[in-house]
Amino acid sequence: MASSLLFPKLLVFVVAGVLPAISSSPGLGCYRSIISFGDSLADTGNALHLARSAGRSTHAGSLPYGQTHFRRPTGRFSDGRLVIDFVAERLGLPYVAPYYGDDGGGSVEDFRKGVNFAVGGATALDGSFFEGRGMGSNFPNESLGVQLGLFKELLPSLCYTSSDCKEFLGNSLVLMGEIGGNDYNHPFFMGKDLEEIKDFVPLVIEEIVSAISELIHLGAVTILVPGNFPIGCLPAYLTKFQSSDKEAYDPSTGCLNWLNEFSQYHNEQLQLKLDHLRELHPRTKIIYVDYYNAAVRFYQSPNKFGFEGQVFRACCGGGGTHNYNSSALCSSNTKVCDDPSSYASWDGLHFTEAAYRWIFKSIADGSFTVPKLDISCPSLALNEHMECPVLSSELPHLKIDA
């Protein structure tokens, strides 16, 4: 999405490795690489590098972005770490190198340990789709299809033969999504009609299904597919669509009902398609990750997560009821809250590191995955890197409850 609407709606990980066996005990899991596709939810520096190459600036390229953990801007659209960073830490791997450079990427050897194709603002659908519907041509040319194409070009450098590449992906955990958010954010903030945007949903989901199918063809055997977030709870949406009608808001959360219902509609349709994919590929583990309910807890019980009621205000923003102003986005010139960990929203569109940590935990312990998933590694407990041998006769196994 354009820099003013860089929203974390797409994420794909491929975490390559091998697990020695299926086990009912926790702590079994060791992976060799993370490969990521997506948007600003997963971008670890690509949008920043592309902007600099084009002589442009991006919000994530300057403080206060990155202030919490890295103490400097890294191109992440948050005050600190993202879900992908917590996954890397859990697995004892380096932070995932951005494909386009900056912050640690570049060599094939680096990319074998992890490579990130995610670009802030990316959509599932190609930019030509939106241009053809009169929404302009300012959409990033880094859609899911483009990113997948780059990965396919790089793949022969990461593995040497067709069977090696199938093994590489066969020993992988794929996190596909959450994709499609920017496909909706653009038209919503342009003032497009809800029913028109709703018509995009089947097309967005078809792109997800197509990407999953292609990855399965390449050799992926375990795929996590997150759903959409509750966008009706985000400061940017609460500001844009503020209503004097109290009935428009959910009394249990304070979020806008109609926007959250839209997110749920996307998620319901996605799950139906995933059910069909499971029928077509019974040997592939396709796991739905319920990002919606993992995040909606922040608004139901903010104090439980340490947010102290600061869930409807951005930590960094240009003022107003929700501290979000599209004309004064988070930057070095706007006020930043004293304690980002007490806020769920970083800049009105993206979450804080604290919120991302909770979302990661919901993935790692299987609380919001169907079927239940546990990704863990002994190196977490030992706090040291663990090398795992890759045997050609072995495929990865996860602790997955039917």
Side-chain angles (χ1 to χ4, degrees), residues 8 11-34 36 38 41-42 69 78 80-93 95-96 114 171-178 221-230 267 270-271 274 285-307 311 341 344 351-386 388 396-402:
L11 171 65
V12 182
F13 297 134
V14 181
V15 185
V18 64
L19 296 180
I22 295 177
S23 173
S24 60
S25 62
L28 290 179
C30 195
Y31 305 87
R32 299 176 62 215
S33 176
I34 298 174
S36 170
L41 181 63
H69 179 77
S78 181
R81 289 164 291 183
L82 312 177
V83 173
I84 187 173
D85 298 313
F86 290 115
V87 171
E89 289 180 0
R90 169 63 63 94
L91 301 177
L93 293 170
Y95 291 133
V96 184
N171 293 334
S172 301
L173 172 63
V174 178
L175 178 49
M176 170 63 73
E178 174 230 9
V221 297
T222 307
I223 305 172
L224 273 64
V225 188
N228 206 336
F229 284 106
N267 293 341
L270 175 60
Q271 290 180 78
L274 295 184
K285 303 177 182 71
I286 301 173
I287 302 157
Y288 176 71
V289 182
D290 189 359
Y291 271 6
Y292 182 97
N293 283 304
V296 82
R297 301 174 300 162
F298 304 158
Y299 311 98
Q300 294 168 334
S301 307
N303 291 339
K304 181 178 178 181
F305 298 95
F307 296 137
V311 287
S341 69
F351 290 111
T352 59
E353 176 183 283
Y356 282 130
R357 185 194 299 272
W358 284 112
I359 293 166
F360 162 72
K361 287 181 178 179
S362 73
I363 300 171
D365 67 12
S367 298
F368 291 91
T369 63
V370 181
K372 185 177 175 65
L373 169 71
D374 178 21
I375 38 177
S376 53
C377 187
S379 61
L380 177 66
L382 297 174
N383 195 30
E384 62 184 17
H385 181 73
M386 176 178 178
C388 290
H397 298 286
L398 295 173
K399 179 185 173 186
I400 300 176
D401 300 330

Inset, instruction - For residues I84 and A42, report the shortest heavy-atom separation together with the two atoms involved. - result: CG2-O, 3.9 Å
Inset, instruction - Please check if the distance between the ring centroids of F298 and F307 is under 6.0 Å. - result: yes
Legend entry - Residues which pass salt bridge (Lys or Arg N to Asp or Glu O under 4.0 Å) with R297, listed by chain and number, not counting sequence neighbours: none
Legend entry - pair F86-R81: side-chain heavy atoms closer than 4.5 Å: yes
Inset, instruction - List the steps and the verdict of side-chain contact (heavy atoms from CB on, under 4.5 Å) for I287 and V370. - result: CA-CA 6 Å; I287 302 157; V370 181; 5.8 Å; no
Inset, instruction - Enter the distance from T369:OG1 to I363:CD1 here, rounded to the nearest 0.5 Å. - result: 9.0 Å
Inset, instruction - Could you pull out the closest heavy-atom pair between F229 and A295, with the gap in Å? - result: CD2-CB, 3.7 Å
Inset, instruction - Look only at the side chain of S78 and the backbone of F351, and say whether a donor-acceptor pair between them is shorter than 3.5 Å. - result: yes
Legend entry - Flag, side chain of S301 to backbone of K304, donor-acceptor distance under 3.5 Å: no
Inset, instruction - Locate the shortest heavy-atom distance separating A344 from V311; write the atom from each residue and the value. - result: CB-CG1, 4.1 Å
Inset, instruction - Could you walk me through whether L270 and V225 pass side-chain contact (heavy atoms from CB on, under 4.5 Å), step by step? - result: CA-CA 9 Å; L270 175 60; V225 188; 4.1 Å; yes
Legend entry - H69 NE2 to E89 CD distance, which is reported to the nearest 0.5 Å: 5.5 Å
Inset, instruction - Identify the two heavy atoms, one from P230 and one from Y299, that lie closest to each other, and give their separation to 0.1 Å. - result: CG-CE1, 4.4 Å
Inset, instruction - Rounded to the nearest 0.5 Å, what's the gap from OH on Y292 to CG on N267? Could you check? - result: 8.5 Å
Legend entry - Reported OG-to-CH2 distance for the pair S367 and W358, which is rounded to 0.5 angstrom: 10.5 Å
Legend entry - F368 backbone acceptor or donor facing D290 side chain under 3.5 Å: no
Legend entry - Check: V87 and F360 side chains under 4.5 Å, non-hydrogen atoms: yes
Legend entry - Criterion side chain to side chain contact (heavy atoms under 4.5 Å, CB included) against I359, the qualifying member of L82, V83, L41: V83
Legend entry - Heavy-atom pair of closest approach, residues K372 and D365: NZ-O, 2.9 Å
